[in-house]
K.L.:
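Okay, here's the structure, questions in a sec.
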Amino acid sequence: MKILIENILAVLPGGPKVRSIYISDGKIESVDTRPADFVPDKTINGSGRLLIPGLINAHTHAYMTVFRNYADDLPFNDWLFDKIMPLEDSLTPDDCYWGTLLGIMEMLRSGTTAFADMYIHTNCAPRAVSDSGIRAVLSRGLSGGEGDPAGARRLRDALDEIEAWSGHDNITFMLAPHAPYTCDPGYQREIAREAARLGLRVNIHVSESLAEIETIRERYGCSPVELIDRNGLLTDKTLAAHCVQLDDRDISLFAERGASIVTNPISNLKLANGVAPVLKMLGAGINVALGTDSAASNNSLNLFRDLNYLTLLHKGINHDAEAVSARTGLEIATVNGARALGLSGTGKIEAGMAADLAVIDLDRPNMQPVNDPVAAIAYSAFGSEVETVIVGGRVLMEKCEFLTIDGEKVIDEVNKVCKRIYG
Ligand code: NI
């Protein structure tokens with residue numbers, strides 16, 4: 001399939017320029033120079049449109065859309081242990097499939113072309129990703145202790161899932177120890193060994209709340225970051241979500257190990273966990289990516305909202321209007337996300353990169369006049385301006401219509417799940 005996106009204002013690595021984009025075999029073949037014998041199967045008119053690299057949601061739990069607006073305005077521990085975890089026990093694999101598809105719809109609708117996911121039932125997320133055509137780096141959440149049969153079973157399930165789906169074009173896997181407080185040190189070391197053996201990335205929640213810092217200090221006499229480092233889980237293949245409560249030593253450890261951090265500004269605010277020290281992380285040279293976290297804690301998977309918060313929040317708390325500029329924010333939401341997820345072939349509009357792209361309608365009152373398109377993305381857009389989304393050279397949404405997902409069916413199925421689990 002060859003696609004031509006004609007004369008569109010495109011956010012290129014060097015800045016926005018009007019260019020024609022030639023796509024073939026899933027990749028951007030050329031930016032502006034027409035390849036010899038290029039005959040498009042499909043042409044998209046770029047007039048009044050903006051082309052951005054698809055956004056990368058580097059931390060979510062897509063199946064949790066079924067919990068959207070179910071448990072709000074609660075302290076973190078009450079929210080997680082009293083409300084969310086008991087409900088999770090009542091979810092079937094099929095429930096998770098429909099919930100994940102709804103999450104994927106929401107992400108595509110708002111220009112996200114790849115995401116990192118952590119979940120409880122295996123094989124549902126890969127099915128939903130495969131059926132929809134989006135790109136994802138997936139991981140079954142692992143919790144348990146050394147020698148604990150349930151923990152061993154979870155790890156075995158995760159490894160079986162990885163083997164079953166190996167070689168899929170749009171899917172890769174990580175191992176996901178849930179958090180330092182739900183995996184004991186022996187279990188952490190076991191997961192670290194498996195990850196090293198299989199060359200897999202590690203997806204983990206770290207230093208999300210003050211209570212976590214206290215718990216880990218009491219149990220092990222160190223910070224959560226030091227603990228996972230001791231147990232071999234802090235490497236250049238680590239993707240650590242949240243990292244709200246880091247001290248300077250934690251930040252240096254991240255920088256030394258080359259691990260990536262995913263900041264989740266809205267989830268951290270909503271659960272009253274605080275604001276991550278993103279400026280210090282960036283200053284230390286850490287690769288910082290952006291994630292929504294789940295629809296139970298955000299309560300949206302629209303990365304435009306988090307991009308907006310990211311760029312505003314750090315200006316406000318640092319009294320520094322230059323902090324996390326629109327450009328830096330967009331890089332965090334694209335290139336840095338790709339690096340964090342090990343998706344080196346996406347995140348930029350450049351020849352040779354995967355054609356993972358979002359077309360934005362600029363003919364909206366909130367997007368006019370177009371003085372600085374990148375500032376418009378960070379400060380003026382809602383995400384609803386996204387009208388066409390391409391992943392790996394395949395059009396998944398066109399003029400706001402899903403081409404691979406039956407949206408009505410998905411919403412209907414998710415509502416059935418809710419009716420059942422909420423009684
Ligand atoms: Ni999370």
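As the structure lists them, so they are numbered: ligands from 1, and atoms in each ligand from 1. Since the structure is predicted, the reported quantities are computational estimates derived from the model, not experimental observations.
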K.L.:
Has N57 got a side-chain atom pairing as donor or acceptor with L303's backbone, closer than 3.5 angstrom?
P.N.:
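No; zero donor-acceptor contacts below 3.5 Å.
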K.L.:
Just list the side-chain donor-acceptor pairs under 3.5 Å for residues 157-164, sequence neighbours left out, or say none.
P.N.:
from : atom 1 : to   : atom 2 : distance (Å)
E161 : OE1    : Y119 : OH     : 2.9
E161 : OE2    : Y119 : OH     : 3.0
E161 : OE2    : N123 : N      : 2.7

K.L.:
Parallel, tilted or perpendicular: which one describes the rings of H61 and Y63, with boundaries at 30° and 60°?
P.N.:
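It falls in the perpendicular class, over 60°.
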K.L.:
Check this for me, if you would: do E413 and K409 make a salt bridge, where the nitrogen-to-carboxylate-oxygen distance has to be below 4.0 angstrom?
P.N.:
yes
K.L.:
Would you list the pairs meeting side-chain hydrogen bond (donor to acceptor under 3.5 Å, both in side chains) in which at least one residue belongs to residues 270-283, sequence neighbours left out?
P.N.:
D72-K270, D248-K280, K270-N299
K.L.:
Run through the protein N/O/S atoms less than 2.8 Å from the Ni ion (ligand 1) and write them out by chain and number.
P.N.:
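The answer, once waters are left aside, is H59 NE2, H61 NE2, H205 NE2, D293 OD1.
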K.L.:
Name each donor-acceptor pair under 3.5 Å that joins a side chain in residues 146-153 to protein atoms two or more places apart or in another chain, with its distance.
P.N.:
from : atom 1 : to   : atom 2 : distance (Å)
D148 : OD1    : A150 : N      : 2.9
D148 : OD2    : G145 : N      : 3.2
D148 : OD2    : G151 : N      : 3.4

